[in-house]
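Here it is: the structure, laid out below.
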Amino acid sequence: MTTNHQVTLALSKGRIFEETVPLLAAAGITPNENPESSRKLIIGTNRPDVRLIIVRATDVPTYVQHGAADLGIAGKDVLVEHGGEGLYQPVDLNIAKCRMMVATPVGFDYEAAVRRGARLRVATKYTKTARLHFAAKGVHVDLIKLYGSMELAPLVGLADVIVDLVSTGGTLKANNLVAVEEIMPISSRLVVNQASMKLKHELIQPIVETFRRAASA
Ligand SMILES: Nc1ncnc2c1ncn2[C@@H]1O[C@H](COP(=O)(O)OP(=O)(O)OP(=O)(O)O)[C@@H](O)[C@H]1O
Ligand SMILES: O=P(O)(O)OC[C@H]1O[C@H](OP(=O)(O)OP(=O)(O)O)[C@H](O)[C@@H]1O
């Protein structure tokens, strides 16, 4: 159980953890175990007042919103889908950078489909983001919720287009797809439970400031 003398930081394994290690180091925080190799979900650190919990990337805002974690690091993609209720987002950490894009099979004329008012089948993990994007453009869509490998959907006739994250473009290229529209740039943000920010201000504020300085260095 966390106390007023300890803060809990929610992180996901993989790219967010890798890119967070230098930020933790700047705040004088060294995990006692490597979450990539450990099966433990609660990981202590060299600082008795800081512990880490390891959760799915999509679940970070939920843990922080409910105060099960005081702080967390989550992608803007995940935060937009979650809605951000109960969270402060004080620092854009400029890590895990990529872009939320609309992509289609090579040869699909997206602009023409939009112009003639076609109804598009859109496969995505990001249904809220996609709904808002296409509604703002006045494009009618049937949303197909997937949990990964969105690039497959247009190749096997499940969808006309996808909404997914693109970084190098390598995954799109390998699957004969092309990005046709940017929805928003994505990076990860530090999120803080609003009640924790007040109740544990003396512990949390220095971490926020250190992350802010490290992120802009
Ligand atoms: N190719 C990429 N390049 C850079 N950043 C990315 C890329 N893909 C995802 N991200 C960012 O990193 C975050 C974590 O991605 P990661 O792949 O670790 O989790 P996930 O598998 O998408 O999530 P979950 O485990 O909840 O299904 C994403 O929310 C996004 O903000
Ligand atoms: O443009 P690229 O550099 O190829 O990156 C894009 C890929 O990265 C993400 O997947 P990720 O690697 O996180 O796999 P996952 O979503 O299946 O975990 C995203 O969903 C794309 O598939």
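Remember, it's a predicted structure, so these values are computed and weren't measured experimentally. We count ligands from 1, going down the list as the structure has it; atoms in each ligand are counted the same way.
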Are more than 12 heavy atoms, taken from residues, nucleotides or ligands other than Glu202, located less than 6.0 Å from that residue's CD atom?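 Check fails, neighbour count at 12 or below.
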Is it true that Arg212 and Glu209 have a side-chain N and a carboxylate O under 4.0 angstrom from each other?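 A salt bridge links Arg212 with Glu209.
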Would atom 1 (O) of ligand 2 count as contacted, meaning some protein heavy atom under 4.0 Å?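 There is a protein heavy atom less than 4.0 Å from atom 1 (O) of ligand 2.
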Just wondering, are more than 12 heavy atoms of other shown residues or ligands nearer than 6.0 Å to NZ in Lys173?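 Result for NZ/Lys173: open.
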May I ask which of Arg99, Lys125, Met100, Lys97 has a heavy atom nearer to atom 4 (C) of ligand 1 than the others do?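 Selected option, by shortest heavy-atom distance: Lys97.
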Are any of the side-chain nitrogens in Lys125 or Asp164 under 4.0 Å away from the carboxylate oxygens of its partner?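 Between Asp164 and Lys125 there is no salt bridge, as every charged N stays at least 4.0 Å from the carboxylate O atoms.
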Taking only heavy atoms of Ile186 into account, list the atoms of ligand 1 that are under 4.0 Å away from them.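 In order of number, 31 (O).
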Does ligand 1 have an atom that lies less than 4.0 angstrom from a heavy atom of Lys76?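 Heavy atoms of Lys76 never come under 4.0 Å of ligand 1.
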Under a 4.0 angstrom heavy-atom cut-off, which atoms of ligand 2 come close to Gly169?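 Ligand 2 atoms under the 4.0 Å threshold to Gly169: 1 (O), 2 (P), 3 (O).
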Check Asp164 against ligand 2 and report side chain, backbone, both or neither, counting heavy atoms closer than 4.0 Å.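 Only the side chain of Asp164 comes within reach of ligand 2.
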I would like to know whether Leu177 and Leu155 meet side chain to side chain contact (heavy atoms under 4.5 Å, CB included); could you show each step before the answer? CA-CA 9 Å; Leu177 302 174; Leu155 308 182; 3.9 Å; yes
Give yes or no for whether the N/O distance cutoff of 3.5 Å, strictly under, is met between Lys125 and ligand 2.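 No, there is no polar N/O contact under 3.5 Å.
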Among all the protein's non-hydrogen atoms, which is closest to atom 12 (O) of ligand 2, and how far away is it?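 Result for atom 12 (O) of ligand 2: Arg15 NH2, 3.4 Å.
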Is atom 6 (C) of ligand 2 touching the protein, meaning some protein heavy atom lies under 4.0 Å away?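 Neighbour list for atom 6 (C) of ligand 2 includes protein heavy atoms (cut-off 4.0 Å).
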Would atom 17 (O) of ligand 2 count as contacted, meaning some protein heavy atom under 4.0 Å?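 Looking at atom 17 (O) of ligand 2, one finds that no protein heavy atom lies closer than 4.0 Å.
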Checking side-chain polar atoms at under 3.5 Å, does Glu81 have a donor or acceptor matched by the opposite partner on Thr129?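 Side-chain D/A pair, Glu81 to Thr129: present.
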So between Glu19, Arg189, Arg56, whose heavy atom ends up nearest atom 25 (O) of ligand 1?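 When every heavy atom of Glu19, Arg189, Arg56 is considered, Arg56 comes closest to atom 25 (O) of ligand 1.
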Output yes when the distance from some N or O of ligand 1 to some N or O of Ser188 is under 3.5 Å, and no in every other case.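 The answer is no, given that Ser188 and ligand 1 share no N or O pair closer than 3.5 Å.
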Can you find a protein heavy atom under 4.0 Å from atom 22 (O) of ligand 2?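 There is a protein heavy atom less than 4.0 Å from atom 22 (O) of ligand 2.
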Taking 4.0 angstrom as the limit and counting only heavy atoms of Ser167, give me the atoms of ligand 1 inside it, by number and element.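 This gives 1 (N), 2 (C), 3 (N) as the contact atoms.
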Atoms in ligand 2 with a heavy atom of Glu151 nearer than 4.0 Å: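 By the 4.0 Å cutoff, the relevant atoms are 21 (C), 22 (O).
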Distance filter under 4.0 Å to Gly170 heavy atoms, resulting ligand 2 atoms: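 That gives atoms 1 (O), 4 (O) of ligand 2.
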Atom CZ of Arg39: over 12 foreign heavy atoms under 6.0 Å: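 No, the 6.0 Å shell around CZ holds no more than 12 heavy atoms from other groups.
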For Val60 and Val55, which heavy atoms make the closest approach, and how far apart are they?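 Reported closest heavy-atom pair: CG2-CG2, 3.5 Å.
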Locate the shortest heavy-atom distance separating Lys137 from Tyr110; write the atom from each residue and the value.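 In terms of heavy atoms, the two residues are closest at CE-OH, 3.5 Å.
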What are the two closest heavy atoms between Arg189 and Asp92, and how far apart are they?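 Here Arg189 and Asp92 meet closest at NH2-OD2, 3.2 Å.
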With heavy atoms of Thr171 as the reference, note each atom of ligand 2 found under 4.0 Å away.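 Reading through ligand 2 atom by atom, the close ones are 2 (P), 4 (O), 5 (O), 6 (C), 7 (C), 22 (O).
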Given the ring of Tyr147, does Lys145 sit roughly above its face, with NZ or CZ under 6.0 Å from the centre of the six-membered ring and within 45° of the axis?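 Yes - Lys145 lies over the ring of Tyr147, closer than 6.0 Å to its centre and within 45° of its axis.
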Check Val78 against ligand 1 and report side chain, backbone, both or neither, counting heavy atoms closer than 4.0 Å.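 Looking at Val78 and ligand 1, just side chain atoms fall under 4.0 Å.
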Looking at atom 10 (O) of ligand 2, is any protein heavy atom nearer than 4.0 Å to it?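 Looking at atom 10 (O) of ligand 2, one finds that no protein heavy atom lies closer than 4.0 Å.
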For atom 19 (C) of ligand 2, which of the options Thr168, Asp77, Val166, Leu165 provides the nearest non-hydrogen atom?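 It is Leu165 that holds the nearest heavy atom.
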Out of all atoms in ligand 1, which are within 4.0 Å of some heavy atom of Gly75? Include the element for each.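 It comes down to these atoms of ligand 1: 31 (O).
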Ligand 2 versus Met150: contacting region, heavy-atom distance under 4.0 Å: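 It is neither part, as no heavy atom is under 4.0 Å.
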Pairing donors with acceptors under 3.5 angstrom, does anything connect the side chains of Ser187 and Asn94?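 Side-chain D/A pair, Ser187 to Asn94: absent.
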Hey, is atom 14 (O) of ligand 2 touched by any protein heavy atom at less than 4.0 Å?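 For atom 14 (O) of ligand 2 the answer is no, since every protein heavy atom stays at 4.0 Å or beyond.
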Any Gly14 heavy atom less than 4.0 Å from ligand 1: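 In this structure, Gly14 fails to qualify as a contact of ligand 1 - no heavy atom is under 4.0 Å.
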Kindly confirm or rule out an N or O of Leu172 lying under 3.5 angstrom from an N or O of ligand 2.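 No.
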Between Arg121 and Asp160, is the closest basic N to carboxylate O distance under 4.0 Å?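 Salt bridge present between Asp160 and Arg121.
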